[in-house]
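Below is one structure; the comments refer to it alone.
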Amino acid sequence: MALLFRRPKGTEDVLPDRVGYWQFLEGKVREVASRFGYGEVRTPTFEEAELFARSVGEDTDIVSKEMYTFEDRGGRLMALKPEGTASVLRAYLEHGLHKGGGLTKLYYISPIFRYEKPQAGRYRQSHQFGAEAIGSGEPSLDVEVIDLALSIYRELGLSEVSLLLNSIGCPKCRPSYRQELLKFARAHREELCGDCRRRMETNPLRLLDCKVEGCGRIMAQAPVISQYLCDECREHFEEVKGGLRSLGIPYREESKLVRGLDYYTRTVFEVVHGGLGAQNAICGGGRYDGLVEELGGPPTPALGFAGGVERTLLAMEAEGKLPELDERVEVFVAYLDDPGREALPKVLSELRRAGLRADGSYTGRSLKSQLRQADRMGARYTVIIGGEELAKGMAIVRDMELSEQREVPLDGTPKVLREKLG
RNA sequence: GUGAGCGUAGCUCAGUUGGCAGAGCAUCAGGUUGUGGCCCUGAGGGUCAGGGGUUCGAAUCCCCUCGCUCACCCCA
């Protein structure tokens with residue numbers, strides 16, 4: 001109990017009894033993303049801190065107070081990546097992927113780091129899977145990206161998911177909405193909570209999703225962004241919604257949905273899950289038509305999303321959709337005496353070379369305890385070797401389920417067991 | 001950063017008005033020659049999160065620290 005070391009706050013050890021759930025999820029992400037034509041990218045765990053300041057936004061919480069930054073030995077200011085998109089776009093530009101013309105579709109699975117106070121579904125190191133589609137402003141691409149995200153959840157067996165959708169306009173129309181919103185908020189300043197008064201200065205759009213009851217009541221009367229979209233943004237939004245409808249994807253238009261990263265334009269969306277507690281978003285994404293240019297590339301429309309691995313696993317657990325994991329060994333090897341003990345490594349190795357999942361006793365205990373161990377490991381068969389049988393070139397093969405056993409030529413056991421296990 | 005709840009065996013948890021540190025599960029060993037599960041018997045395993053205080057005596061009462069959990073903020 002008085003441990004010398006414990007894991008850093010907000011991090012998790014995934015032990016073998018659960019790691020299969022992660023592998024299952026990662027496998028589904030890869031399978032579905034590849035079916036949609038997205039290729040995997042793996043970017044560094046840390047980048048220049050400036051990359052995130054430029055993309056995510058200097059004044060966002062993520063950059064201003066949640067980044068793990070450090071100076072390397074060369075005096076460069078680096079940061080553990082707090083989200084995935086910036087790195088992907090940096091790699092996209094660095095390798096000239098934009099020069100091929102056309103659309104680039106990438107996905108990733110990556111750890112991310114944010115200095116937060118942990119709570120249910122929130123960690124300091126968490127993991128995200130995400131996709132970015134770079135190079136087209138077509139509304140149909142928005143639909144594809146949303147379809148991809150939802151397809152992953154569907155393939156994981158989740159059903160209690162809802163898609164929230166909004167458009168937050170573009171640099172042309174958003175400022176005028178912002179003005180109207182601020183005007184409204186100033187008029188009700190005295191009725192708003194302290195956080196909201198602060199938001200009026202920092203990020204007025206966030207006024208919309210304050211959870212304080214009084215604020216919610218007031219902001220329900222606030223101007224709605226859809227009334228202020230420019231013609232192009234309005235048309236884009238309509239086409240996205242039409243595309244979703246034609247795919248039979250239900251969505252809830254959420255005029256109060258804004259997102260915490262500065263780079264979003266037009267379409268923003270979130271996937272929420274009913275079984276999660278306070279942190280109920282399992283996925284967030286949107287269009288970021290100005291970001292590639294902001295990072296030094298040519299003007300390039302794009303969009304993407306990121307889903308939380310931990311939250312998705314929590315959602316699967318809440319719905320009872322975690323897969324059954326089979327970690328049982330197929331064959332256990334036990335020994336009776338010293339000659340048996342000496343022969344064990346070779347017998348075990350041959351079983352493994354024959355492709356069987358095999359394990360053996362290394363503990364130097366009684367046969368009884370070895371069989372107990374075999375039982376606990378779920379072994380379907382146990383090979384028992386002893387001097388008497390070895391002298392005849394034989395081994396005992398015991399069927400643990402039927403409690404039956406017989407002698408089999410030792411060098412034929414891998415073949416026999418392979419056939420039995422079919 | 002703010003607030004609340006909780007820290008007793010590997011795990012889940014009891015522990016009375018302050019009076020010898022407990023159970024179940026798990027682990028290990030036995031229950032007659034070289035055979036698992038069910039059952040029976042036994043064993044190991046504790047700085048009661050850590051430190052200080054009150055007291056004849058503290059897991060229990062008080063203070064501080066640390067950790068965990070949940071919520072706010074924010075977000076995946």
Side-chain angles (χ1 to χ4, degrees), chain A residues 1-3 5-12 15 17 56 59-66 81-85 109-130 149 153 193-196 198-199 202-203 206 209-212 257-261 270-273 276-285 304-315 332 334-337 339-340 361 363-389 396-405:
Chain A
M1 193 98 316
L3 296 169
F5 300 105
R6 353 174 99 255
R7 65 185 189 273
K9 185 197 285 277
T11 65
E12 281 193 317
L15 302 181
D17 63 334
V56 178
D59 299 326
T60 58
D61 279 12
I62 290 176
V63 169
S64 65
K65 50 189 205 200
E66 294 179 356
K81 61 182 165 188
E83 59 107 38
T85 301
I109 303 172
S110 163
I112 64 150
F113 305 84
R114 292 180 195 170
Y115 192 86
E116 304 221 42
K117 193 147 173 183
Q119 71 185 70
R122 202 168 67 182
Y123 313 88
R124 288 187 175 177
Q125 172 173 351
S126 69
H127 300 77
Q128 292 185 345
F129 55 89
Y153 292 118
C193 71
D195 280 331
C196 280
R198 184 175 50 77
R199 289 188 184 104
T202 56
N203 191 347
R206 296 225 71 90
D209 63 357
C210 181
K211 289 173 193 93
V212 174
L257 175 67
V258 293
R259 309 223 10 100
L261 290 67
E270 224 167 69
V271 179
V272 296
H273 190 272
L276 287 191
Q279 310 301 321
N280 67 344
I282 55 177
C283 176
F305 74 86
V309 172
E310 287 85 351
R311 286 185 190 178
T312 300
L313 290 171
L314 287 171
F332 188 85
Y335 59 83
L336 291 163
D337 48 22
S361 175
T363 49
R365 291 201 286 244
S366 66
L367 180 62
K368 182 182 185 134
S369 84
Q370 293 180 65
L371 282 168
R372 233 194 326 260
Q373 189 185 351
D375 190 57
R376 216 173 22 232
M377 293 171 107
R380 180 66 214 277
Y381 295 96
T382 298
V383 174
I384 304 169
I385 47 180
E388 201 179 301
E389 289 78 5
I396 299 165
V397 172
R398 179 174 178 83
D399 183 323
M400 299 297 281
E401 223 163 87
L402 303 176
S403 297
E404 288 170 4
Q405 64 187 44

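To find a chain, count down the sequence lines: A is the first, B the second, and so on, and within it residues start at 1. Heavy atoms only: backbone and side chains are in, while hydrogens, waters and symmetry mates are out.
- Counting atom types as modelled, A:Thr382 pairs no side-chain N or O with a base atom of B:G36 as donor and acceptor under 3.5 Å.
- As rounded to whole Å, 14 Å separates atom C1' of B:G36 from atom CZ of A:Arg380.
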Collect all protein-nucleotide pairs involving nucleotides 42-46 of chain B in which both atoms are nitrogen or oxygen and the distance is under 3.5 Å.
none

Sub-3.5 Å pairs of nitrogen or oxygen atoms, protein against nucleotides 25-29 of chain B:
| residue | atom | partner | partner atom | Å |
| --- | --- | --- | --- | --- |
| B:U27 | OP1 | A:Arg376 | NH1 | 3.1 |
| B:C28 | OP1 | A:Arg365 | NH2 | 3.2 |
| B:C28 | OP1 | A:Arg376 | NH2 | 3.4 |
| B:C28 | OP2 | A:Arg376 | NH1 | 3.1 |
| B:A29 | OP1 | A:Arg365 | NE | 3.2 |
| B:A29 | OP2 | A:Arg372 | NH2 | 3.2 |

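- For A:Glu388, there are no side-chain contact (heavy atoms from CB on, under 4.5 Å) partners at least two apart in sequence or on another chain.
- In terms of the side-chain hydrogen bond (donor to acceptor under 3.5 Å, both in side chains) criterion, A:Glu12 has no residue partners (sequence neighbours excluded).
- For A:His127, the side-chain hydrogen bond (donor to acceptor under 3.5 Å, both in side chains) partners at least two apart in sequence or on another chain are A:Gln125, A:Glu310.
- Considering only residues two or more places apart in sequence or on other chains, A:Leu314 meets the side-chain contact (heavy atoms from CB on, under 4.5 Å) condition with A:Tyr123, A:Leu276, A:Glu317.
- A:Ile112 is linked by a side-chain contact (heavy atoms from CB on, under 4.5 Å) to A:Arg114, A:Ser126, A:Gln128, counting only residues two or more places apart in sequence or in another chain.
- A:Glu116 is linked by a side-chain hydrogen bond (donor to acceptor under 3.5 Å, both in side chains) to A:Arg122, counting only residues two or more places apart in sequence or in another chain.
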Go along nucleotides 66-76 of chain B 5' to 3' and tag each nucleotide: B for a protein heavy atom under 4.0 Å from its base, S when only backbone or sugar atoms are that close, - otherwise. -SS-SBBBBBB
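- Consecutive Watson-Crick or G-U pairing (both distances under 3.5 Å) extending over three or more pairs maps onto RNA chain B as B:1-7 with B:66-72, B:10-13 with B:22-25, B:27-31 with B:39-43, B:49-53 with B:61-65.
- Applying the side-chain contact (heavy atoms from CB on, under 4.5 Å) test to A:Asp399 and every residue at least two apart in sequence or in another chain returns A:Arg380, A:Tyr381, A:Glu401, A:Leu402.
- Atom CG of A:Leu367 and atom C1' of B:U35 are 5 Å apart (whole Å).
- Listed by chain and number, the residues in a side-chain hydrogen bond (donor to acceptor under 3.5 Å, both in side chains) with A:Thr60 amount to none (sequence neighbours excluded).
- With C1' as the reference atom, B:G44 and B:G34 are 27 Å apart, rounded to whole Å.
- Note: CZ (A:Phe332) to P (B:G37) measures 14 Å, nearest angstrom.
- Taking atom CG on A:Asp399 and atom C1' on B:G37, their separation rounds to 14 Å, with Å as the unit.
- At a cut-off of 3.5 angstrom, counting only N and O atoms as typed in the model, there is a donor on one side and an acceptor on the other between the side-chain of A:Glu389 and the base of B:G34.
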